[in-house]
Each structure stands twice: as C-alpha cells, then as structure tokens.
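Have a look at the structure below, then the notes.
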Amino acid sequence: MAWRFFSFLSKTLNPNRNPSSSTAPFSTSFLVTKTPKKFKKKRKPKPSPRTTPVQTEPNRIPQFERILHRDALLRFVTRSKQFLSAQPEHVLRLDDAGKLHRELGFPRGRKVSRFLLRHPLLFQTYRHSDGKTWLGFTDLMEDLLAEERSLMDQLELDRVEKVRKLLMMSARNRIPLSKIHHCRTLFGIPDDFRDRVSKYPNFFNIVVENDGRRVLELVNWDPLLAVSALEKEFVVDEDSAKRKFRFPVKYGKDLDLELDDSRKLNLLNALPLVSPYSDGCKIDVWTLEAEKYRVGVIHEFLSLTLEKRASIHHLVVFKEEFSLTKHTYQMLRKQPRAFYLAGTEMNWGVFLKDSYDGNGVLIEKDPQVVFNEKLYKYAQVDQMEPGCDDGVEEPHLS
C-alpha cells in the first residue's frame, strides 16, 4: 500500500512527467539524427528556359550561335550609339550615364567606365569646365555617324518600300509608328523616319487615335509589291521551294505507307502555301491554312530584315498585326529546313537558313550591314593598325 501512495503522490506533484522517462537512464538529444550535408545526394537543378539552349548538340550550328554571342558582346556599342546620337551635342554626363544601364546596354550595377575603356576608338571621356566628367564620341565615331547618315539618305526609297510591304502584310494595313521605331535597326530604317513620312503622302497616312497613339496607315495597295520572297523563289526553283516546308498529314497506321508515299502525301498537304499578303484575320486560327499563313508571314518578315534574322522580342512586337499566336516557337521548330532557332528557349533568335552560306556569312549584304561590320571592327580593337584595310585589323571574337 505504501508504494501505491508514493506513486500517487509523485503523479500529483509532477503531472507532466513523461512516464517513459523513468526507463531512460540518460537523454539522447545530443546525438546526430540528421544526415550531414556532405553525405546528402546533390539534386540536379531543374532546367530553366532562361539557360536551356534551343538546339541539342547534334543539331547546333555554331556559326549562328556565334552571331548571337557577338550581339551580346557589342550590345553596349549599339545601344550607346543610338542613345548618344539622340542627345544634344552627342554628349552625356558620366554620373547620369551610370543610371542608364538599360538605355546604354550594360548590366545593372556595373560601372559604365569599364565598358567605355573597351572601345577607345569610339567613345571618350573628358572633364568639362563645370568640373564634371562627360562622355561622348571620338572624332572617328563622329565621322562614322556622318557616313551612316549619308548612307541612310541614299537608301531612303528602299526603306520606304520595306515599310509599305510591312503595312501590306499587317492587319487592316496599319502599324503604330512606335512599333516601327522600336524595330528600326532591324530593317535599317533611319531614326527620323517619323519625320520623313510626310514626304510620301501617296504611300502613307498618319492617324492619331483617341489615346494619342500615332498609327501609320497604307494609302494605296500596290499589287507589284504583294509578291513574297517565297513566290519569287518558287518561280526560279520550284523543287527547292517544295522541300523547304513540311506540314505532315496525320493518318492511321492501317495505311502502312512507305517512306516515299508518305513524303508525297505530305507534299500535297504543304502546297499551295498561303500568301503573307492575304488577310489573315479572315482565316480560322487553328486550321492548317492559318499555320501556313503564319509561317509565310514570318518568312517574309525575315526576308525584309537586314540580316535575314530576328529575335523573339521583334516578333512579339508585331504579333497583333501578323495574327501570331503563343505557339509561334513550336511552329517554327517544326520547320527546320527553312528556319534555324538559336539561343535559349526564353531568349531565342530565328534565322533564314538559305540566306547564309556554310560559314554563317550572309550571301547578299545590304550596304547598312557592310557599314555595321566596319563599325564592329573598330569596336573590338584598342588602336588603329597601320597598313590594314580601313585602318583596322580583322579581329577575332573569343
């Protein structure tokens, strides 16, 4: 009876005591119960569209990938050239330039002076009488800009024709001027094209909408311009044009077609192509005819560009005008004979493969492309090399 009394008394005085603790001679809280990090299996990071390349290793074309790499290296030169050219006297305070990382094309948080030192033939800094450091163009760069302005004047009629064809391809034959200005370097359109439009009242008309947006409209339809590059190629080389695109026919396995029969069936489905100058708004979005139309539109769009290529950002700008869908990436991947997609799944560019030779060089170069290549040469050297063409040696991109 005594031991029952003492047991009852201990429970009353300490009701929260763990009954099992009486059996444990010591605490085990100090023992390691988790697996140390060095013994844990490292999990592979999930693939991200930001870093996942579009092409797998066997299908990669290094020449096209290097072109996108070159664009990234020279982004500071191209954007700073555009921004400074629009400034009074082509100068900018260095303190203000450090805040304009997006406009000048350098990463956020980096010093702009580091990028200026990489291109001493094009950019320079100097101390003004106000005690502040300013940046501007060198005399060589000013001469290059003057040469480019003269080139723009010579090519004005060609650029006007490009804009007319873009308007004829677009829905209701109208495009906001801001979109054309945003993609002006893609087509070689001058910066002041919005001011030059008034010189061509027979071609263009500017309409100001209720929200203040200025829209460029086509005045007259020209049937001579409504001929796509694919249609011209079809006349010259019909077999090549037929092999360029594939729109496979879905059929059951019961047919048991041989390879040649399957190709002939797909060829019947691929032709005829839909002209990019037809009204895409009247075509049902999810039909085969609509897919042919969108493929033709992108092909014609790329054929109008200077380098026969464009990025995803350029295509997104005109998605409303060209009736493009969110499946444009998958649509282009199904046409590897005509298009090559380079870069990553989130930031890719599309090339017209037939416009380049085996070394990744444009077969037909616009005069603006020749000028840009000369500018890129100056941008990649530290000093003038005597005895070389244009005073500069051909650099190698690493």
Side-chain angles (χ1 to χ4, degrees), residues 70-156 159-160 177-199 206 212 214 306 366-385 390-392 395:
R70 181 204 66 183
D71 291 347
L73 290 177
L74 299 175
R75 184 178 297 114
F76 176 78
V77 174
T78 54
R79 291 193 181 180
S80 297
K81 168 178 164 290
Q82 292 179 10
F83 188 82
L84 284 177
S85 298
Q87 303 302 311
E89 305 298 330
H90 297 172
V91 294
L92 184 67
R93 279 179 51 181
L94 192 61
D95 294 339
D96 296 334
K99 306 172 185 177
L100 302 172
H101 61 92
R102 182 171 299 177
E103 290 79 359
L104 298 181
F106 64 93
R108 185 176 183 179
R110 303 289 182 88
K111 291 185 177 180
V112 66
S113 56
R114 293 180 55 187
F115 293 87
L116 293 173
L117 294 175
R118 297 178 183 178
H119 314 290
L121 296 183
L122 304 181
F123 304 102
Q124 64 179 350
T125 59
Y126 63 93
R127 188 169 294 276
H128 198 261
S129 58
D130 58 1
K132 300 292 185 179
T133 302
W134 292 66
L135 71 89
F137 295 133
T138 62
D139 293 339
L140 172 63
M141 186 63 169
E142 292 289 355
D143 293 339
L144 289 173
L145 292 177
E147 178 184 346
E148 186 179 30
R149 287 192 293 269
S150 175
L151 186 63
M152 290 288 186
D153 293 338
Q154 299 174 20
L155 299 173
E156 182 173 327
R159 304 321 188 216
V160 168
L177 270 172
S178 59
K179 294 187 177 184
I180 297 177
H181 183 75
H182 179 73
C183 299
R184 62 191 183 281
T185 57
L186 192 66
F187 304 98
I189 298 174
D191 295 341
D192 59 346
F193 180 77
R194 289 177 288 191
D195 301 327
R196 303 191 187 200
V197 169
S198 58
K199 297 165 55 177
I206 298 179
R214 301 170 64 192
L306 292 179
D366 185 272
Q368 181 67 44
V369 175
V370 178
F371 171 84
N372 292 340
E373 290 179 348
K374 181 169 68 172
L375 176 66
Y376 296 157
K377 291 179 183 179
Y378 284 119
Q380 297 174 73
V381 295
D382 296 334
Q383 58 184 359
M384 302 287 285
E385 295 289 341
D390 297 327
V392 62

Return a table of donor-acceptor pairs under 3.5 angstrom between the side chains of residues 90-100 and protein atoms on other chains or two or more places apart.
{"from": "His90", "atom 1": "ND1", "to": "Glu142", "atom 2": "OE1", "distance (Å)": "3.3"}
{"from": "His90", "atom 1": "ND1", "to": "Glu142", "atom 2": "OE2", "distance (Å)": "3.3"}
{"from": "His90", "atom 1": "NE2", "to": "Ser85", "atom 2": "O", "distance (Å)": "3.4"}

Note to self: For the CD atom on Gln87, are there more than 12 heavy atoms of other groups (residues, nucleotides or ligands in this structure) within a distance under 6.0 Å?
What the structure shows: yes
Item checked: Evaluation steps, side chain to side chain contact (heavy atoms under 4.5 Å, CB included), between Tyr378 and Val77 -> CA-CA 10 Å; Tyr378 284 119; Val77 174; over 6 Å; no
With sequence neighbours left out, write down each residue that passes salt bridge (Lys or Arg N to Asp or Glu O under 4.0 Å) with [X], or none if nothing qualifies.
X	answer
Arg159	Asp366
Glu103	none
Arg196	Asp153, Glu156, Asp192

Margin query: Does any part of the side chain of Val197, heavy atoms only, come nearer than 4.5 Å to the side chain of Ile206, both counted from C-beta?
Written below: yes
Rounded to the nearest 0.5 Å, what separation is found between the [atom1] atom of [X] and the [atom2] atom of [Y]?
X	Y	atom1	atom2	result
Leu104	His101	CG	NE2	10.0 Å
Met152	Ser150	CE	OG	11.0 Å
Lys374	Leu144	NZ	CG	6.0 Å
Leu145	Leu151	CG	CG	12.5 Å

Side-chain atoms of residues 106-125: list all donor-acceptor pairs with protein atoms under 3.5 Å, sequence neighbours left out, distances to 0.1 Å.
{"from": "His119", "atom 1": "ND1", "to": "Ala379", "atom 2": "O", "distance (Å)": "2.7"}
{"from": "Gln124", "atom 1": "NE2", "to": "Phe137", "atom 2": "O", "distance (Å)": "3.0"}

Item checked: Side-chain donor or acceptor of Thr78 paired with backbone N/O of Leu74 under 3.5 Å -> yes
Next item on the list: List in chain and number order the residues that pass side-chain hydrogen bond (donor to acceptor under 3.5 Å, both in side chains) with Asp143, two or more places apart in sequence or in another chain; answer none if no residue qualifies.
Entry: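 Testing Asp143 for side-chain hydrogen bond (donor to acceptor under 3.5 Å, both in side chains), a comparison that skips the adjacent residues, returns none.
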Item checked: Intermediate values then yes/no, side chain to side chain contact (heavy atoms under 4.5 Å, CB included), Thr185 and Gln368 -> CA-CA 10 Å; Thr185 57; Gln368 181 67 44; over 6 Å; no
Note to self: I need the full list of ring pair (Phe, Tyr, Trp, His ring centres under 6.0 Å) pairs touching residues 180-199, with sequence neighbours left out, sorted by first then second residue.
What the structure shows: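 Sorted pair list: Phe187-Phe301.
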Margin query: If the condition is side-chain contact (heavy atoms from CB on, under 4.5 Å), which residues does Asp191 pass it with, not counting sequence neighbours?
Written below: Arg184
Next item on the list: Only pairs at least two apart or in different chains count here, so list each salt bridge (Lys or Arg N to Asp or Glu O under 4.0 Å) that has a residue in residues 73-87.
Entry: Lys81-Glu148
